[in-house]
Trainee: 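Here you go, one structure.
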Amino acid sequence: MLFQTQKTALKPLTTAHLAQTMTLLEYSNDELRQEIESALANNPALELSDEKRCPTCNRRLIGNQRCPVCSSPNHVHDEEPIIFISPRTDFTPKGKEIYQDEIDPEEWTASIEDLATFVLRQIAPELAPEDRKIAAHLLSALDEDGLLTITLVEVAKYHHVPLSRVKQVQELIQRADPIGVGSLSPSEALLIQVKILEENSHYVPPKTADAIMEGMDLLCKRGFTELGKKINKSTKEVSRIVDFIGKNLNPYPARAYWGDSYGNQEPNQYYEESDIIISLLDDSPDTPLVVEIVAPYAGALRVNPLFQKAISDAPGEKSEQWESDFYQATLLVKCIQQRNNTMVRLMNHLVTIQRKYILGGNAYLVPITRSQIAKDLNLHESTISRAVAGKAVQLPNKRIIPLSNWFDRSLQIRTEIIQLVSEEKEPLNDTQLTEILIEKGYQVARRTVAKYRDLEGIPPSRLRNSRQIVSA
DNA sequence: CTATGGCACGGATT
DNA sequence: AATCCGTGCCATAG
């Protein structure tokens, strides 16, 4: 479970704590769920009502709310986003559980055998006959994720061959189709994937390999800043690297085995849950966006109405405790409502502004600042900051990105640069790039263009041949 | 001499 | 108050 988010334990739910963080805004879903779970366990006044579903589209609903999608004004295309809180507990796109649920055991083992032979067939031509046994041995020791369950030394000893030879065979296997199969660890799998992408001159953010080697644990904990210091890159660059890894690499090679061929597979979603999901209602160009603010619980969280009645005739020694429970429960529910309310307002505004970006991609990102949004919504800057921090959004194209990306001032220009470079006939130097950009209406300095170029991993013009492949 | 990358400053953001 | 980011200046490599 290397890639599961490992958040630090939350402080216990105390009145003082709640008072300080009146809104639970800065909590991501993951954290909020923990908070709620502990509250439910410790506070008898809280209860979770049964979940309801929309009879027509089966969406989960809160309490007695009408289904926001089905009851939206008859699907009038007015480009108004449809925004609602969507309760769910089943959003665990984390691979293991899902596959185990969806694939019955027999089919499962069959797939594993298939995987081994599938790989063996690929490498057979390059495999020296005397190495076949080694390859077979290795392949039979794959776990369901495509990782090795034995060490290379064991294999070497067993076959009485030098370790280096086993390594050679292993590398051959790693390079076969689910790229990275037969690695000893997720990080090794990632590394080989990076290596191969680079060999095929795909774009890989600089220092990605370093990041993987140095900080798998930090990567999982999302300790970007710390990791940044270690490999001498800014937090932002690190998060870009993480973003890249999430989209293009797979620490558990076999899990991609059922997807398309490498490269077209569904983006991996193993390390981040989205707090917000955006989808399209239909495929017309002016379709409303369906924005779901995901709540980490099913049904509605509320104060048990019976509990309040019971307080008055509580046994004497308990009454104080019950009062306090009741108070805390009410407070928590209010805070959550407050949080939801703010998120809805925020997303409504954001989605309207960034509609083109959501539909059309990075090039259409409107540069806005958090403080501007704060003014628009009459909220405090720090409120917006908190609401944005640590939240992940799933776009209609299934990519999961941090919400903070929507405030990236330079993303537009950077995509423009990638565009220009990928279409250039002769390498453009930084000055020329700057000129073109200024003509296009971007106000940007030469030095800055150089920085962006570097950030995107594009080498300086003189090191570029006329045709350089840049990532999509 | 030109293109690039390092350093440092100031303004913006968090 | 601390940090990040864009930019100008300058040294250096080619």
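Sequence lines set the chain letters: A, B, ... in the order given, protein chains first and strands last, and positions in each chain run from 1.
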Trainee: Using the closest heavy atom to pick a nucleotide of DNA chain B for each, name whichever of A:Asn429 or A:Ser385 lands nearer the 5' end.
Mentor: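 Closer to the 5' end of DNA chain B: A:Asn429.
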
Trainee: Could you tell me which residues satisfy salt bridge (charged side-chain N to carboxylate O under 4.0 Å, His left out) with A:Asp430, sequence neighbours excluded, listed by chain and number?
Mentor: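 A:Asp430 satisfies salt bridge (charged side-chain N to carboxylate O under 4.0 Å, His left out) with A:Arg453 only.
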
Trainee: Would A:Lys195 and A:Glu171 count as a salt bridge (Lys or Arg N to Asp or Glu O under 4.0 Å) if you check the C-alpha gap in whole Å, the side-chain angles of each, and the deciding distance to 0.1 Å?
Mentor: CA-CA 12 Å; A:Lys195 202 168 154 193; A:Glu171 177 148 356; 3.4 Å; yes

Trainee: For every nucleotide of nucleotides 7-14 of chain C, 5' to 3': is a protein heavy atom under 4.0 Å from its base (B), only from its sugar-phosphate (S), or from neither (-)?
Mentor: BBB----S

Trainee: Once salt bridge (charged side-chain N to carboxylate O under 4.0 Å, His left out) is applied, do any residues pair with A:Lys440, and if so which ones, sequence neighbours excluded?
Mentor: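 In terms of salt bridge (charged side-chain N to carboxylate O under 4.0 Å, His left out), with neighbours along the sequence ignored, A:Lys440 is linked to A:Glu416.
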
Trainee: Would you check if the side chain of A:Ser404 reaches a backbone N or O of A:Ala389 as a donor-acceptor pair within less than 3.5 Å?
Mentor: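 Checked: no pair found.
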
Trainee: Residues two or more places apart in sequence or in another chain: which of them pass side-chain contact (heavy atoms from CB on, under 4.5 Å) with A:Val393?
Mentor: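 A:Val393 satisfies side-chain contact (heavy atoms from CB on, under 4.5 Å) with A:Ile276, A:Ile278, A:Leu395, A:Leu403, A:Trp406 once adjacent residues are dropped.
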
Trainee: Can a side chain N or O of A:Arg409 be found less than 4.0 Å away from OP1 or OP2 on C:dC4?
Mentor: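 No, no such contact exists.
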
Trainee: Taking atom C1' of C:dG6 as reference, at what distance in whole Å does atom CD1 of A:Ile413 sit?
Mentor: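 It works out to 10 Å between those atoms.
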
Trainee: Measure the distance from CG on A:Asp408 to P on B:dT13 and round it to the nearest whole Å.
Mentor: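 From A:Asp408 CG to B:dT13 P: 13 Å.
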
Trainee: How close or far is atom P of B:dA12 from atom NZ of A:Lys375, stated in whole angstroms?
Mentor: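 From A:Lys375 NZ to B:dA12 P: 12 Å.
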
Trainee: Taking side-chain contact (heavy atoms from CB on, under 4.5 Å) as the test, write out the residues that go with A:Ser385, two or more places apart.
Mentor: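 With sequence neighbours excluded, A:Ser385 shows a side-chain contact (heavy atoms from CB on, under 4.5 Å) to A:Arg370, given in chain and number order.
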
Trainee: Report the distance from atom CD1 of A:Ile368 to atom P of B:dT13, rounded to the nearest whole Å.
Mentor: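 Answer to the nearest Å: 12 Å.
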
Trainee: Quick one: ring pair (Phe, Tyr, Trp, His ring centres under 6.0 Å) partners of A:Phe307, sequence neighbours excluded?
Mentor: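 Listed in chain order: A:Trp322.
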
Trainee: Rounded to whole Å, how long is the line connecting atom CG of A:Leu428 with atom C1' of B:dT4?
Mentor: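 Answer to the nearest Å: 16 Å.
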
Trainee: Taking CD1 from A:Ile438 and C1' from C:dG6, how many angstroms apart are they, rounded to a whole number?
Mentor: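 For the pair A:Ile438 CD1 and C:dG6 C1', the rounded distance is 13 Å.
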
Trainee: Without decimals, in angstroms, what is the distance between A:Ile458 CD1 and B:dG5 C1'?
Mentor: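 That distance rounds to 16 Å.
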
Trainee: Regarding A:Ser382, tell me which of base, sugar-phosphate or nothing describes its non-hydrogen contacts under 4.0 Å with the strands shown.
Mentor: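 No contact.
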
Trainee: Distance check needed: B:dG5 P versus A:Leu455 CG, whole Å only.
Mentor: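 From A:Leu455 CG to B:dG5 P: 13 Å.
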
Trainee: Report yes if at least one side-chain N or O of A:Ser461 is closer than 4.0 Å to OP1 or OP2 of B:dT4; otherwise report no.
Mentor: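 So the side-chain polar atoms of A:Ser461 do come within 4.0 Å of the phosphate oxygens OP1 or OP2 of B:dT4, strictly under.
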
